Amino acid sequence: MALNVVILAAGLGKRMCSSLPKVLHPIAGKPLLEHIISTASELNPSAIFIIYGHGGEQVRQQLQHLSVQWIEQKQQLGTGHAVAQAIPHIQDNERVLILLGDAPLITVATLQKLLQETPENAVGLVTVHMPDPTGLGRVLRDASGAMIAVVEEKEASATQRKIQEINTGIMVVPAQKLKQWLPKINNNNASGEYYLPDIIALAVTEKMAITTVAAESPEEVQGINDRAQLAMLERAYQRRVARKLMLAGVTLKDPERFDVRGEITCAMDVTFDINVILEGKISIGKNSTIGPNVVLRNVTIGDNVVIKANCVLEEAQVADGCTIGPFARVRPGTKLAANVHVGNFVEIKNAVVGAGTKINHLTYVGDATIGKTVNIGAGTITCNYDGANKHHTIIDDNVFIGSGTELVAPIKIGEGATIGAGSTITRDAPANALTLRRADQQKTINNWQRPVKKDK
Ligand code: UD1
Ligand code: CA
C-alpha cells in the first residue's frame, strides 16, 4: 500500500513569543519542520503533505526547496480538521502516516516499527510514558490491556489524569477508514476543537484492534511549545550526534559542550576539546585534534591536523599535518597543502598555500598563491584591495618574506627570493635575490630625552 505522510503544522505557536513561525525555529541550525520532512522522506512515501496556516507563506518560502505539497488550513479548528484538509488529495487504497510539525526528534526506526507492526488495514499509534504527562492526551486501555481511546487533559477525570502513557500524536491510519471517521468526529469538547485522536474510539466501536508502538524515549516524541523545550531538544539532538561519533571512535572532551549544525564525517581518533561548533559539511581525517572554542563551517580537514584554541575556519581545505592557531581566521577559498603552519592572529582568505609553508604571526594573506616551504614573517600584509578592485599576489617556492612587509598586489615574488624586513614592495621581485625597500635614514640622537609628565 502506498504511504502518504501528513504533517500537521498549522498551529500558532503562541508560547514561542516570536514573529518567526514556530516550525521555522531551528534545531541544529535546521528548521523543526525540515527535520520532520527529512525523517519522513526516508520512508519513501508517495507524497508528503504539509498542513500549514499561521505564518504559512513564510514557512513555504523558506522550505520551497523541499519536495512536499502544501495545504492551507485557513482556520485552526483542531487536529482532526487539519488532517481533513489533506483528504481530497489522498486515494482510498493508501495508508496515511500523521506526524506533528513541532515534534522534530522522531526517528526513522520508530516510524518504521509503527508501519511494520500495524496491519495495513488497521490503526497504529506511537505512545510513550511521560513522567509528567500534564497537558497531553492519555491512552485509555481496557482490562485486557487493549487500547480503547485517547482522552485529552481537559476532558480527563482525576483518575485518568494519573495515566502516564500518552498519545504522541503520531499515528498511521488506512485512508479509506480516515475518510469514514473524520466526518463523524465533532467539536463538542472543552476546547471546541475537532480532536483527531477521537478516531481511535471510532475504530474500537468497529472492533478494530489498535496497535501501539512505544517511542524509545520521551524526548523522541516531545513537542516544542516554548523556547525552554526548544533548548532541551537541541541538547537531546546534540547528544544523539555526539554519542554516534563517540561510538565510531571520536573523543569528545565533553559531549555536553559540542554542537553540530550540519553533516559531519569523522575518521577514527579525532579529538574535540570543548565548545566546538561545526556547521555545514565537515569532514575530518584520522588523528586530528580540534582545540577549544573552534568554529568550523564547510571545511575539509586531513589527517594529523592540529587546530588550536579559538580558531574560525570557513569554506576551507586543510591537508594532512597542518597546524593552525591559536586565534587564526581561515576564510573562504583557502587551500592549505600538507604541513602548513598558520599561527596566531593570522587571517587567510582565498589563498592557495603550498606544502610546508609557515605563516606564523600577525599576518593577512588574501587573494594569493603561495608556493612550498615559504616563510612569511610576522606582520606581513598582502595589500590586495586598492579601494575598488582586488588583486592577486604570487609568492613562489622557498621565498623568505621579512617581518613587517607590505606586498602591494598585483605582484609576484620569484622563487627563492628574500624580502628585507619592513619593505613596501610594489613591483615584482626577482628570484634568488634580496629585494628590500626602506628609506635609509636611520639616525641616533644621543642626548634625546623622553618627555616627562607635566604637573597639573
Ligand atoms: C495533541 C493531541 C494529544 C497529544 C499531543 C501530543 C489532539 C486533540 N490532541 O494535543 O492527544 O498528546 O498532541 O503532542 O490532537 N495543528 C494544526 N491545526 C489545528 C490544530 C493543530 O495543524 O487546527 C497542529 C499543530 O501545529 C501541532 C499539532 O497539530 O503541530 C498538534 O496540535 P496541538 O494543538 O499542539 O495539540 P495538543 O493540544 O498538544
Ligand atoms: Ca502541542
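Since we're looking at a predicted model, the values are computed, not measured. Just follow the structure's listing: the first ligand is 1, and inside any ligand the first atom is 1.
Ligand 1 has an N or O atom lying under 3.5 Å from an N or O atom of Thr79, backbone or side chain. Considering backbone and side-chain N/O atoms, Asn167 comes within less than 3.5 Å of an N/O atom of ligand 1. Considering backbone and side-chain atoms together, Ile51 places no N or O closer than 3.5 Å to any N or O of ligand 1. Between Ala10 and ligand 1, at least one N/O pair is under 3.5 Å apart. The shortest N/O to N/O separation between Gly137 and ligand 1 falls below 3.5 Å. Looking at ligand 1, you'll find an N or O of Gly78 within less than 3.5 Å of one of its N or O atoms. Taking only nitrogen or oxygen atoms, main chain and side chain alike, Tyr195 does not reach within less than 3.5 Å of ligand 1.
With ligand atoms numbered from 1 in the order given, ligand 1 contributes 14 (O), 28 (C) to contacts under 4.0 Å with heavy atoms of Leu100. Shown in contact with Gly101 at under 4.0 Å from a heavy atom are these atoms of ligand 1, numbered in order with element: 30 (O).
Heavy atoms of Gly223 come nearer than 4.0 angstrom to ligand 1 in no pair at all. Residue contacts with ligand 1: His81 is excluded, as none of its non-hydrogen atoms falls under 4.0 Å. Within the structure, ligand 1 lacks Ile166 among the residues with a heavy atom less than 4.0 angstrom away.
Residue contacts with ligand 1, taken as heavy atom pairs separated by less than 4.0 Å, do not involve Val23 at all.
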